[in-house]
Amino acid sequence: MLPTDHLMEKLVSLAKRRGFVFQSSEIYGGLGSVWDYGPLGVELKKNIKERWWRSLVHERDDIEGLDAAILMHPKVWEASGHVAGFTDPLVDCKHCKNRFRADDPRIKGTPGEPTAQCPVCGSKGTLTAPRMFNLMFKTFMGPVEEAAAVVYLRPETAQGIYVNFLNVLQSSRQKVPFGIAQIGKAFRNEITPGNFTFRTREFEQMEMQFFVKPGTDQEWFEFWRQERMKWLVGLGIRPAKLRFHQHTKDELAHYAKDAYDIQYEFPFGWQEFEGIHNRTNFDLSRHQEYSGKKLEYLDAATNERFIPYVVETSAGADRTTLVVMADAYHEEDVEGEKRVVLRVHPAIAPLKAAVFPLVNKDGMPDLARRIYDDLRRHFNAFFDDGGSIGRRYRRQDEAGTPFGITVDGQTTQDGTVTVRDRDTLVQVRVAADGLVGYLAERLRG
Ligand code: ATP
């Protein structure tokens, strides 16, 4: 195992070198805590999102999909409590103008008092008393920048689901219990961002809200807690690196009756990357109150009317991608040489196979191209005829490509290629015309 601090540095360096993640607007010096996904990163993240969507929306009858807009009526955020309560207590240094969270462990003393010292410039007595700072990004809709035109970039996708509860219920003819799933961007003006893509100001969430009859909520909560952990293990993440953390009374959000974080042991410690929350009927009740529209459900069997309770599973697509990358990063010695390999689950690997002509002669490049053309109609594949075969293998190991296909002298005679397994390094000969079926079988799962 690598010393943990180095793992993060190596991951950031690999992410940039191989085109997983770049800093936003890098040529202008970057934009704080905003990141872009490069050619391999976009594939990895997309595969994770698709797998999530498939497992919830396609493989279940009781969950529908939704794609709500980022901009919403400003009253949504009053009803949800975000205008009043989505705040962090912050402290400013009047001397160096830096801003900190009031609970920043580097601050010595009590902010606002003459003895407190700024952790950046070291001045004494220059820290203001904590002030509440809202984390929502504000902008203006329409031509006039006035208070009445303020809209927010959504800080979570969940509210788009709640305000569409009746629309989805009626159009899909679902019955409670049922869920609505959504993947989309969310924005938070985080003050202490950092740790690469762990805490960013623009990020993507994969959220599912499951509407249930009051009284059955804890049972469903337990069900979804287990389901989500199973899904993460199925994604190939090492179970020993995953754990639940139940929120204490102090940690529980104002709307929640019970909540668990799923944490991963990052190089910088155990941290949340997904949450399962019993949000009660808080959100729907508040939207009913603020909009004046009834958001009740009529149970046709019992003729009862009620506002459903909501069990939420809320995951960050970016944090999950970071977990997958951190968990997959391995360095090992192979015959005296260092090999960096991303052991991502083959089903979510950005590239499924790379095709190499062993040498650029004797008809091998043409044959390899034909095999590549055939493969890429089925999988995301890559063709590489540059450099020694060893170097080409190593480039794909770093990209996490599970299979390396080499066309050699024997291919021209008997139509077989070698298939090299990224993890075991075992090579087997497979008939080129059966390659698609062979790979499909091994990529399943
Ligand atoms: P944290 O305590 O880390 O700020 P949170 O408890 O506010 O997170 P939730 O509001 O429950 O997080 O959001 C659900 C998920 O959305 C998180 O588990 C995380 O994966 C993702 N997420 C939240 N904020 C960010 C962020 N600033 N950057 C990247 N992902 C985020």
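Because the structure is predicted, anything quoted here is derived from the model rather than measured. We count ligands from 1, going down the list as the structure has it; atoms in each ligand are counted the same way.
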Ignoring hydrogens, just give me the one of L135, T200, I262 whose non-hydrogen atom is nearest atom 28 (N) of ligand 1. T200

Considering only heavy atoms of H277, which atoms of ligand 1 have at least one such atom less than 4.0 Å away? 11 (O)

Looking at Q271, E272, R201, the heavy atom closest to atom 12 (O) of ligand 1 belongs to E272

closest protein heavy atom to atom 13 (O) of ligand 1 is Q205 NE2, 3.5 Å

Ligand-residue contact atoms, ligand 1 with F273, heavy atoms, under 4.0 Å: 18 (O), 20 (O)

Can you label the angle between the F178 ring and the F165 ring as parallel, tilted or perpendicular, going by 30° and 60°? parallel

To check your reading of the model: name the closest protein heavy atom to atom 10 (O) of ligand 1, its residue, and the distance in Å. R188 NH2, 2.9 Å

Subset of ligand 1 atoms that lie under 4.0 Å from at least one heavy atom of E274: 18 (O)

Give me the nearest non-hydrogen protein atom to atom 29 (C) of ligand 1 as residue plus atom name, then the distance to 0.1 Å. F198 O, 3.2 Å

For atom 19 (C) of ligand 1, what is the nearest protein heavy atom, given as residue, atom name and distance? R319 NH1, 3.5 Å

For E190, the ligand 1 atoms whose distance to one of its heavy atoms is below 4.0 Å: 24 (N), 26 (C), 27 (N)

For ligand 1, the portion of R199 having any non-hydrogen atom under 4.0 Å away: both

Check for me whether R201 meets the cation-pi criterion with F187, that is, NZ or CZ under 6.0 Å from the six-membered ring centre and within 45 degrees of the ring axis. no

Measure up the F383 and Y372 rings against each other and bin them: parallel (under 30°), tilted (30 to 60°), perpendicular (over 60°). tilted

Out of all atoms in ligand 1, which are within 4.0 Å of some heavy atom of S314? Include the element for each. 13 (O), 14 (C), 15 (C)

